[in-house]
Amino acid sequence: MNLSQLNSQQVKAVTQTSRPVLIFAGAGSGKTRVLTHKIAYLINENLFSPQNIMAVTFTNKAANEMKVRVQAMLPQYNIHSMNVGTFHSIAARILRIEAKILGFTSGFTIYDTDDTQKLIKEIINEYQINIQGINPKTARYYISKMKNAFKRPGDTESEMSSNKDKQMAEIYRIYQEKLVSSNAMDFDDLLLHPIDLFVNFPEKLAHYQNLFEYLLVDEYQDTNSPQFEFIRMLASHHQNITVVGDDDQSIYGWRGADVQNILNFEQIFTNVEIVKLEQNYRSSKNILEAAHSVVATNINRAKKKLWTDNDTGEKISVYEALDERDEAKYMVSCIQKFVGRVKNNFNDYAILYRTNAQSRAFEESFIRSGIPYTIVGGTKFYARKEIKDILAYLRLVINEKDEVSFDRIINFPSRGIGETTLKKIKYRASQLGSSPWDALNGIASLDIRAQQKKSLFQFKGLIENLQSMRETVSPYKIAKSLVQYLDLENYYVIQNSPEDVDRWNNIEELLLGIKTFCDENPDSRLSDYLENVSLQTDIDNWNSSANAVTLMTVHSAKGLEFPVVFITGLEEGLFPLWSGDERNMEEEKRLFYVGMTRAKLKVVLTFAQFRRRYGGDSEIPMLKSEFIKLIPEHLIISDTTKRKQWDNSAIAYRDRIQEIRAHMHKDPGSSLSKQNGSYKEDGNYQEGQIVQHKMWGRGKIHDVEGVGEKAKLTIVFTGNVTKKLIAGYANLKIIE
DNA sequence: ACTTGACCTACGTTG
DNA sequence: TAGGTCAAGT
């Protein structure tokens with residue numbers, strides 16, 4: 001085994017296999033390399049077989065990469081049987097096998113946040129819970145919090161005093177019953193059910209302790225209590241475990257992650273070997289120094305400092321923008337300037353922000369400039385209505401008890417099953433003590449009209465038909481025949497609105513995605529596809545090699561690296577988003593530290609004087625983030641020259657816009673282009689015009705909303721690509 | 001049963 | 001802005 005690429009501490013972390021190992025791995029200190037080498041070492045030294053190694057990563061993408069790397073190091077072994085994945089995917093794999101003993105079937109559905117919220121909403125409506133401070137969202141948070149603290153329904157009822165507390169506990173109880181009767185689990189359950197399994201069936205615990213002989217856990221600082229317990233139960237017996245973490249990068253406290261798990265590690269496991277990786281191979285000296293200067297002000301922190309052999313590098317750029325649009329413009333100009341000078345490819349650049357909502361201004365700016373970009377996370381593809389509808393059919397095919405999916409599609413596309421009919425079905429189900437699906441066995445005896453009966457028979461027949469295919473036919477073929485049967489193309493395209501055309505395009509994209517999955521996993525069944533979809537992380541869907549600038553939250557950027565990183569919206573109340581209590585503030589600082597340390601060569605920090613929220617017109621004055629002030633001046637280069645030049649004109653510009661808006665309010669007929677000479681003469685577009693766009697080529701304007709610079713144009717481009725563009729940004733040429 | 005439009009509220013990060 | 005809700009209209 002060749003360990004010559006590793007430094008002495010890394011070698012120690014890899015070769016210590018007889019004691020539990022706790023690796024403190026600073027940002028960019030090569031922990032991925034250590035983990036892959038260690039796995040390869042364990043196998044190559046004949047200490048453990050691939051099928052007896054379990055490795056927990058933070059994304060599925062990282063899991064796959066790890067497998068590929070280990071396989072490349074050990075071509076003579078088949079490492080396919082190794083158990084690598086996120087906590088959730090590893091737990092789900094166990095639960096598929098052990099479902100029966102826990103009262104589920106192996107086809108149980110995994111409910112995402114959206115499904116969970118729908119279910120809670122339904123409970124609140126059904127039980128007419130109408131109390132101040134209780135809504136689906138707060139109830140969802142409450143339930144998740146309870147679960148992460150191992151509190152089961154009923155556990156807390158004795159402590160409950162207020163009416164609200166009692167109602168919350170009641171919602172939790174019904175919610176959990178509904179999950180069980182729907183043969184479904186939420187994300188938290190995926191971790192709790194394996195623990196229940198291990199507690200209630202010691203022979204199962206023994207089985208998995210024997211199966212997972214060696215455990216490795218990445219991003220250990222972000223494990224929450226159930227995750228820690230899962231690990232503890234599996235590994236405390238044999239103590240074959242290596243965990244890697246960095247307390248400075250703990251950024252998931254809000255979802256129950258506890259840095260204390262690092263301290264607990266030394267209590268649960270005995271004779272722990274602690275290895276510290278303090279050499280950074282990623283960033284320039286300036287970047288490391290600046291990042292450290294912020295996180296070092298945290299009080300609850302083990303004192304330490306990374307060092308690097310890398311160059312001093314460029315200073316940190318700081319830009320004070322007028323507002324979020326100016327910030328976005330600056331970003332574009334920087335990238336245009338940097339391409340060729342700092343780094344050549346667009347995928348060398350990452351734009352990070354604290355909240356997803358900030359991506360919008362950047363997106364508009366990038367479209368206008370023609371710079372290719374990709375957004376990670378945000379409005380998720382699989383969360384779109386048209387996608388969820390199809391997935392709901394497929395889920396019902398696998399798990400007919402799934403009530404959330406049943407509710408979603410029983411009348412989609414509309415088949416005349418309204419609220420009244422659905423209530424009758426549900427009433428029948430409650431009488432039988434069964435799921436709504438089972439209640440459909442007695443359609444004939446339901447007190448509903450003939451038309452509704454016919455619809456329900458057809459619906460039932462469709463699902464049963466698909467069920468007959470689920471074990472033998474590929475997921476792609478099943479999905480395709482479903483879409484064809486429902487005639488969704490016609491359903492959406494016939495309406496011809498750009499939104500509906502978009503929806504149909506998304507469905508085609510979904511089908512393509514299912515096809516790709518089937519090509520990559522030839523023997524997979526429908527249930528495999530659904531599991532893959534439910535447990536995908538944002539990063540899993542990100543193509544890092546595409547030549548495009550990446551836009552994402554700082555949270556999503558954890559574990560990644562880029563030559564050039566922009567951290568944006570550095571304003572009090574945005575980043576840091578919270579400044580109230582010390583604990584939150586320290587986590588915000590760590591988050592900022594994570595963002596800074598993603599960069600290899602260059603960091604650009606930006607903040608705005610004013611920012612619009614909720615997409616409205618009102619601009620809120622903002623204050624420069626304290627984080628920037630914590631960075632020593634000698635590490636910073638301010639982009640103020642440019643600012644001063646157009647500060648006055650920019651403010652005059654903003655005032656003028658506000659004046660015009662006030663005027664427009666009184667006189668809706670007037671447009672900005674008429675009143676303000678600085679706007680483009682050809683800024684007025686009409687329906688039916690043929691226009692030319694830099695990226696999408698020739699297109700026809702289908703709709704114009706608003707006037708002048710701010711008008712939103714719906715344009716159908718060649719190849720039936722529909723886009724909504726802002727007139728002032730679109731840079732269109734009118735052809736005819 | 002389903003569609004339309006007025007009105008309200010929300011922008012905190014994820015599996 | 002945009003998504004959700006509710007009431008009125010078809």
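Nothing here was measured: the structure is a model prediction, and the numbers come from that model. Throughout, a chain's letter reflects where its sequence line sits, starting with A, and its residues are numbered from 1.
In this structure, the CZ atom of A:Arg255 is 6 Å from the C1' atom of B:dG15, given to the nearest Å. We find that NZ of A:Lys145 is positioned 20 Å from P of B:dT14, with the value rounded to whole Å. In this entry the distance linking NZ of A:Lys558 with P of B:dG15 reads 10 Å, nearest Å. For the pair A:Asn541 CG and B:dT14 P, the computed distance is 13 Å after rounding to whole Å. Between A:Lys424 atom NZ and B:dA1 atom P there is a gap of 8 Å when expressed in whole angstrom units. Atom CZ in A:Arg415 sits roughly 11 Å away from atom P in B:dC2 (whole-Å rounding). As a whole-Å value, the separation of A:Asn148 CG from B:dT14 C1' is 12 Å. A:Asn224 has its CG atom 16 Å from the P atom of B:dT14, to the nearest Å.
By the 6.0 Å and 45° rule, A:Arg96 stacks over the aromatic ring of A:Phe108. Cation-pi geometry between A:Arg255 and A:Tyr252 is satisfied (NZ or CZ under 6.0 Å from the ring centre, within 45° of the ring normal).
In terms of heavy-atom proximity, A:Asp189 sits nearest to A:Leu95 at O-CD1, 4.4 Å.
One finds a side-chain N or O of A:Lys121 lying less than 4.0 angstrom from the OP1 or OP2 phosphate oxygen of C:dT5. For A:Lys137 and B:dC11, the shortest distance from a side-chain N or O to OP1 or OP2 is below 4.0 Å. Within the 4.0 Å cut-off from OP1 or OP2 of B:dA1, at least one side-chain nitrogen or oxygen of A:Thr421 is found. Distances shown here put a side-chain N or O of A:Arg360 below 4.0 Å from the OP1 or OP2 atom of C:dA2. Listed pair A:Asn356 / B:dT13 meets the phosphate criterion, a side-chain N or O lying under 4.0 Å from OP1 or OP2. For A:Thr553 and B:dG12, the shortest distance from a side-chain N or O to OP1 or OP2 is not below 4.0 Å.
The side chain of A:Tyr252 sits closest to B:dT14 out of B:dA1, B:dT14, B:dG12. Considering only side-chain atoms of A:Thr113, the nucleotide from B:dT14, B:dG15, B:dC11 that sits closest is B:dG15.
Stacking of A:Tyr614 onto the six-membered ring of C:dT1 is not present when judged by under 5.5 angstrom between centres and under 30° between planes.
Within the 4.0 angstrom heavy-atom criterion, only backbone atoms of the sugar-phosphate kind lie near A:Thr420; the bases stay farther away. Looking at heavy-atom distances under 4.0 Å, A:Ser556 makes contact with sugar-phosphate atoms alone, never a base. Nucleic acid contact class of A:Thr59 (heavy atoms, under 4.0 Å, all strands): none. At the heavy-atom level, A:Phe87 lies nowhere under 4.0 Å from the strands shown.
For B:dG15, its base sits under 3.5 Å from the side chain of A:Asp188 at one donor and acceptor pair at least.
When ring centroids are compared, A:Tyr373 and A:Phe362 stay outside the 6.0 Å threshold. Aromatic rings of A:Tyr593 and A:Phe627 (six-membered ring for Trp) have centroids beyond the 6.0 Å cut-off, not under it.
DNA chain B is contacted by both A:Glu587 and A:Ser414; A:Ser414 maps to the nucleotide lying nearer its 5′ end (nearest heavy atom per residue).
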Intermediate values then yes/no, ring pair (Phe, Tyr, Trp, His ring centres under 6.0 Å), A:Tyr142 and A:Tyr175 = CA-CA 12 Å; A:Tyr142 168 88; A:Tyr175 169 80; over 10 Å; no
